[in-house]
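Since this is a predicted model, take the numbers as computed values, not measurements. Scope of the values below: all heavy atoms of this structure, side chains included, with no hydrogens, waters or symmetry mates.
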Amino acid sequence: MEAAEIVEDGLLLRPWRATDADAVHRACQDPDVRRWTGVPRPYRRADAVRFVTALAPATWADGSGAPFAVCDAATGDLLGSCGVVSVDRTVRSGEVGYWTAPWARGRGVAVRALRALARWAFGALELRRLIWQAEVGNHASRLVALRAGFRVEGQLRLAAPRPEGTGDGWIGSLLPDEVPAPGAPGPAGPGTLPARRAAVFGREQPTLFATVGAVELRLRPMEVRDLDALVTTCQDPETIRWTTVPDPYQRADADSFLRLTRAGWAAGTSAHFVTADPDDAYAGSIDLRLDRADPLLADVGFMTAPHARGRGYLPAALTALATWGFTTLGLARVEWRAVVGNTASRRAAEKAGFVAEGTARGGLNHRGRRVDCWVAALLPGDLG
């Protein structure tokens, strides 16, 4: 395949040159580039030289891909990398890959480059589909793909997961008539819900605060040091009676739950917090689970450690979590459900401002059978 150049929307996409090695080496020292791409670690200058002088030209020559250096069209400065990293001529499909140098971020470089690349690939290469993949948790890459017109269509297990990664990947696709025009706002632009969510879940999980009288509670991510207390809580008869935790509950279940909480945050589908007492010890768990069909809806779940019950911790934690959901995630409604008869859970929800809405017959699957449940909800205006 003959190497090409693309000029669009203030960018020049051109084949890599030997003189790019220093800039590539510098860019690939960036923690985000190392974390989310397959570049060698550590990334040495020799790796950069090999990429720009051997690997990239060979890819063009054998037609297996089209790697471009992304440059400022006016100055020629290197801003990033964008290319078709593999081409399947049989089905006329290709996969894209990209990164932005740390000195060029915040200028829409990756979005503009990806749109230009897609237009070229559908035209010059006559491809019928482009595929995007990224490790679950790489919200910056996902947002770029959305803004370039890709539809994120699913999740799959990675063939070569990284030890520090989630082990799962997102996958999406783009067809020829779906590429936004140069300069068009496109989907998932600044201020949209996907952009807001990416900004939240693309960072470390925050710590929230709640007060009960003079007592300050912390809502923080679960840690390994919390797992013994979690096991104790989940072995308590009241917890077993009203929740669906495994029975008997073992340390392996707690280890699995910790992984689940981290995976939920990485995927942007849930936010699980430990309610920590003034000594930063485990006093309970509380989580917000986003609805897959309605992005403005979430439901809440919680439990309190036996030693911390009756202290008012749970209503305070509920209020703090719901407030964060409304203000930060842009939620419009948070729902609470509990098996009919769980008056302790209902009192906590009502003290936090949840308004009872009735009973859903067979509304919950509780340990293998459908049971009736109470339903309540909290709206932003209910917080006063």
Side-chain angles (χ1 to χ4, degrees), residues 1-17 20 24 27-28 33 36-40 47-48 50-71 73 78-101 104 108-135 138 140-154 156 158-160 169-182 186:
M1 183 163 58
E2 185 176 350
E5 289 191 354
I6 307 167
V7 178
E8 180 179 298
D9 205 8
L11 297 178
L12 166 65
L13 278 66
R14 58 161 175 79
W16 290 95
R17 302 170 182 166
D20 296 323
V24 171
C28 290
V33 173
W36 298 115
T37 73
V39 300
D47 297 310
R50 180 168 176 262
F51 171 70
V52 298
T53 62
L55 295 180
T59 301
W60 277 107
D62 64 21
S64 61
F68 289 95
V70 179
C71 305
L78 181 69
L79 306 177
S81 172
C82 187
V84 183
V85 297
S86 64
V87 175
D88 185 334
R89 292 293 183 182
T90 303
V91 296
R92 288 162 55 189
S93 178
E95 183 178 341
V96 299
Y98 46 87
W99 51 257
T100 304
V109 170
V111 175
R112 288 183 283 149
L114 187 54
R115 290 181 180 185
L117 174 74
R119 241 182 299 279
W120 174 84
F122 290 135
L125 301 186
E126 299 182 332
L127 297 183
R128 297 186 295 197
R129 180 187 66 185
L130 288 174
I131 294 172
W132 162 85
Q133 296 190 67
E135 183 181 325
N138 190 352
S141 179
R142 179 185 174 117
L143 193 58
V144 167
L146 289 172
R147 289 174 174 173
F150 282 78
R151 298 182 186 179
V152 180
E153 294 159 324
L156 72 171
L158 296 175
W170 286 313
I171 186 167
S173 67
L174 180 72
L175 301 182
D177 61 351
E178 296 171 343
V179 187

Give the C-alpha distance, both sets of side-chain angles, the deciding distance and a yes or no for side-chain contact (heavy atoms from CB on, under 4.5 Å) between Trp120 and Leu13. CA-CA 10 Å; Trp120 174 84; Leu13 278 66; over 6 Å; no

When the ring centroid of Phe68 is compared with that of Trp60, is the distance short of 6.0 Å? yes

Evaluate the criterion side-chain contact (heavy atoms from CB on, under 4.5 Å) for residue pair Cys71 and Leu78; output intermediate values, then yes/no. CA-CA 4 Å; Cys71 305; Leu78 181 69; 4.2 Å; yes

Just how far is it from atom OG1 of Thr53 to atom CZ of Arg17, taken to the nearest 0.5 Å? 15.0 Å

Indicate whether the side chain of Trp170 and that of Ser141 have a donor and an acceptor atom separated by less than 3.5 Å. no

In plain terms, say whether Arg119 and Asp9 are close enough for a salt bridge, that is, a side-chain N and a carboxylate O under 4.0 Å apart. no

Rounded to the nearest 0.5 Å, what separation is found between the CZ atom of Phe122 and the CG atom of Asp177? 8.5 Å

Shortest non-hydrogen contact between Trp99 and Cys28, atoms and distance: CZ2-SG, 4.3 Å

To the nearest 0.5 Å, what is the distance between CG on Leu174 and CZ on Arg128? 15.0 Å

Say whether, by atom type as modelled, one donor and one acceptor occur between the side chain of Arg92 and the main chain of Glu126 under 3.5 angstrom. yes

Rounded to the nearest 0.5 Å, the CD atom of Gln133 sits from the CG atom of Asn138 at a distance of 12.5 Å

Gap separating the CZ atom of Arg50 from the CG atom of Leu55, nearest 0.5 angstrom: 4.5 Å

Would you say the side-chain atoms of Arg112 pair up with the backbone N or O of Pro182, donor to acceptor, closer than 3.5 Å? no

Looking at every non-hydrogen atom in both residues, tell me the closest pair between Ser173 and Glu178 and how far apart they are. O-OE1, 4.3 Å

Within a strict 4.5 Å, meaning less than it, do heavy atoms of the Tyr98 and Val70 side chains meet? no

Heavy atoms of Val84 and Ala121 approach each other most closely as CG2-CB, 4.2 Å

How many angstroms lie between atom CZ of Arg129 and atom CG of Leu175, to the nearest 0.5 angstrom? 8.5 Å

Would you indicate whether the side-chain heavy atoms of Phe150 and Val96 approach each other to under 4.5 Å? yes

Hey, does Leu127 have a side-chain heavy atom less than 4.5 Å from the side chain of Val87? yes

Nearest heavy atoms of Thr100 and Ala110, plus distance in Å: OG1-CB, 3.5 Å

If I compare all heavy atoms of Ala148 with all of Pro180, which pair ends up nearest, and what's the gap? O-CD, 3.2 Å

Thr59 versus Ala66, closest heavy-atom pair with distance: CG2-N, 4.3 Å

When you look at CZ of Arg14, are more than 12 heavy atoms from neighbouring residues, nucleotides or ligands closer to it than 6.0 Å? yes

